[in-house]
S.K.: 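Submitted below is the structure of interest, expressed as structure tokens.
In each ligand, atom 1 is the first atom listed, and ligand 1 is the first ligand listed. Just so it is clear, the structure is predicted and the values come from calculations on it, not from any experiment.
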Amino acid sequence: MTRPLQFFQYQNGILSSDGVSLEAIAEQIGTPVYIYSASGFIDPLKELQEGMRDLNHLICFALKSNSNLSILRMLAKEGAGMDLVSGGELFRAAQAGVQSDKIVFSGVGKTADEMKQGLLYEGTGIYSFNVESLPELRQLNDVAISLGKRAPVALRFNPDVDAKTHPYISTGLKRNKFGITRSEVLSVVRSLDQLRGIHLKGLSIHIGSQLLSLAPLDDAFSKLSDLVHELDHHQDRPLEFADLGGGIGITYQNEKAPLIQSYCKLIKKHFGKRAKNSPQFKLLIEPGRTLSGNAGVLVSKVIYRKERRNKDFLVIDAAMNDLIRPALYESFHEIVPIEKRLVVSKSSPKKKWVKTNIVGPVCESSDCFASDRPFSSQIGPGDLVAILSAGAYGFSMSSTYNSRPRPAEVLIQEGKFSTIRTRETWEDLVRGE
Ligand SMILES: *Cc1c(COP(=O)(O)O)cnc(C)c1O
């Protein structure tokens with residue numbers, strides 16, 4: 001599984017990626033700036049493709065984790081499909097040229113307009129709507145009939161397993177708003193005759209995000225596999241696919257995240273036989289963070305050092321509006337200086353480092369990226385730091401709170417860098433007001 005400094009290394013004393021210095025990028029583009037490594041996305045994608053090679057499969061990138069068009073185009077070119085959750089994301093997929101038969105639409109609150117947009121995508125419509133409730137299924141049925149179409153559907157099954165992750169990103173328990181229970185799935189299947197606009201093609205699950213153990217997935221896959229088997233007997237036509245969701249965790253600090261190979265092995269354990277017996281049967285997975293998490297960093301400049309008796313504060317020019325994960329989930333991000341000579345650890349000589357809180361300028365106490373980190377006492381105004389593992393749910397969750405324009409995004413590919421989103425301007429801030 002990916003690690004924080006897997007795609008970024010110190011080279012000639014400066015944090016770099018693929019031979020490109022992050023300092024040079026910051027000088028040219030300014031700070032704060034999101035910087036991505038193309039290999040950071042492509043390497044784990046290739047590893048997943050390799051692991052799923054013997055199975056009829058489709059890897060749908062969860063584009064909410066990083067929805068920049070250049071990233072989507074790059075992943076689509078490598079064969080990835082997309083898992084999306086809104087009409088806006090479907091628009092992005094269209095802009096990026098993602099093929100219709102590689103798109104699944106998830107989410108508990110699809111509107112009639114979004115359903116129409118999905119059914120009409122490229123004329124043929126998307127691969128599947130992953131439906132989360134009976135009212136949603138009835139709505140989709142009505143919209144499809146009004147367009148003279150049949151909507152391809154997977155029912156999102158809630159397997160009631162505890163993903164053992166942060167409660168905000170746990171989605172596979174009965175008490176969560178996601179999916180429907182086994183008995184609800186079976187009752188829907190019995191009433192399919194009355195839903196002429198629906199073509200039930202598959203089942204889907206997604207039990208949560210940043211899973212650090214495969215055990216909950218083992219449990220969920222087992223329940224899903226049983227249900228697929230059961231439905232095969234209930235329907236005249238066997239199911240065409242199972243969508244296994246995303247959620248595989250990555251290393252942010254020193255957590256032991258599951259290996260991609262072990263994940264693929266687990267998939268084969270539960271679905272390998274079914275896939276072998278019916279070669280048409282397809283397995284979908286929806287990785288987000290697995291592909292994007294360690295592919296990006298947020299580079300920021302120190303504005304002030306504020307000294308206190310037992311700790312210092314480094315006030316930097318990035319804030320919670322740029323990267324909200326620490327404020328929202330108390331999540332850990334490694335933070336390193338761009339210059340290697342400023343790197344310290346707790347084992348460095350006592351006078352070289354101080355306990356430091358790294359904070360942004362926003363008027364909220366939660367605007368804090370890290371607390372009590374050992375940081376060099378030499379770091380001061382003008383120095384650059386990189387907040388690591390910021391490729392997933394970083395820019396895509398950013399806002400303009402405190403009227404702060406959103407940062408630029410830069411992609412390093414084949415030893416060169418290019419701006420893939422320009423920094424927002426003050427004019428952008430007031431557009432439409
Ligand atoms: C968010 C989401 C994903 C991706 O989750 P990651 O933890 O980033 O892999 C996959 N499927 C669905 C339905 C989602 O909502």
S.K.: Give yes or no for whether the N/O distance cutoff of 3.5 Å, strictly under, is met between G245 and ligand 1.
M.R.: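 Min N/O separation from ligand 1 is not below 3.5 Å for G245.
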S.K.: Could you say whether the N/O atoms of G247 and ligand 1 ever approach to under 3.5 Å?
M.R.: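 Right, the criterion is met.
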S.K.: Which atoms of ligand 1 are found less than 4.0 Å from any heavy atom of S106?
M.R.: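 So the atoms of ligand 1 that pass are 13 (C).
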S.K.: Nearest protein heavy atom to atom 8 (O) of ligand 1, by residue and atom, and its distance?
M.R.: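 So the nearest neighbour among protein heavy atoms is Y393 OH, 2.6 Å.
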S.K.: Counting non-hydrogen protein atoms only, what is the nearest one to atom 11 (N) of ligand 1? Give residue, atom name and distance.
M.R.: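 Atom 11 (N) of ligand 1 sits closest to the protein heavy atom E286 OE1, 2.5 Å.
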S.K.: Taking only residues at least two apart or on different chains, which pairs with a member in residues 135-148 satisfy side-chain hydrogen bond (donor to acceptor under 3.5 Å, both in side chains)?
M.R.: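 Those involving residues 135-148 are K110-E136.
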S.K.: Please report whether ligand 1 has a polar contact with D83, defined as an N or O pair separated by less than 3.5 Å (distance criterion only).
M.R.: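 Between D83 and ligand 1, an N or O pair is found under 3.5 Å apart.
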S.K.: Counting non-hydrogen protein atoms only, what is the nearest one to atom 4 (C) of ligand 1? Give residue, atom name and distance.
M.R.: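 Going atom by atom, the protein heavy atom closest to atom 4 (C) of ligand 1 ends up being A62 CB, 3.3 Å.
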S.K.: Considering residues, nucleotides and ligands other than Q28, do more than 12 of their heavy atoms fall under 6.0 Å from its CD?
M.R.: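 No, CD of Q28 has 12 or fewer neighbouring heavy atoms, counting only those of other groups under 6.0 Å.
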S.K.: Is a side-chain donor-acceptor pair under 3.5 Å present for N402 with N321?
M.R.: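 Absent: no donor and acceptor within the cut-off.
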S.K.: Determine whether more than 12 heavy atoms belonging to other residues, nucleotides or ligands lie under 6.0 Å from atom CD of E330.
M.R.: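 No, not enclosed.
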S.K.: Are a donor atom and an acceptor atom from the side chains of N66 and S292 found within less than 3.5 Å of each other?
M.R.: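 No, no side-chain donor-acceptor contact under 3.5 Å.
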S.K.: Would you say K116 has more than 12 foreign heavy atoms packed within less than 6.0 Å of its NZ?
M.R.: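 No, the 6.0 Å shell around NZ holds no more than 12 heavy atoms from other groups.
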S.K.: Are there over 12 heavy-atom neighbours, none belonging to E122, within less than 6.0 Å of that residue's CD?
M.R.: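 Counting neighbours around CD of E122, more than 12 heavy atoms of other residues, nucleotides or ligands fall under 6.0 Å, so yes.
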S.K.: Who's the nearest protein heavy-atom neighbour of atom 1 (C) of ligand 1, and how far?
M.R.: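 Going by distance alone, atom 1 (C) of ligand 1 is nearest to K64 NZ, 1.3 Å.
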S.K.: Specify side chain, backbone, both or neither for S209, according to which of its non-hydrogen atoms lie closer than 4.0 Å to ligand 1.
M.R.: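 Both backbone and side chain.
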S.K.: Using a 4.0 Å cut-off to any heavy atom of R289, which atoms of ligand 1 qualify?
M.R.: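 This gives 6 (P), 8 (O), 9 (O) as the contact atoms.
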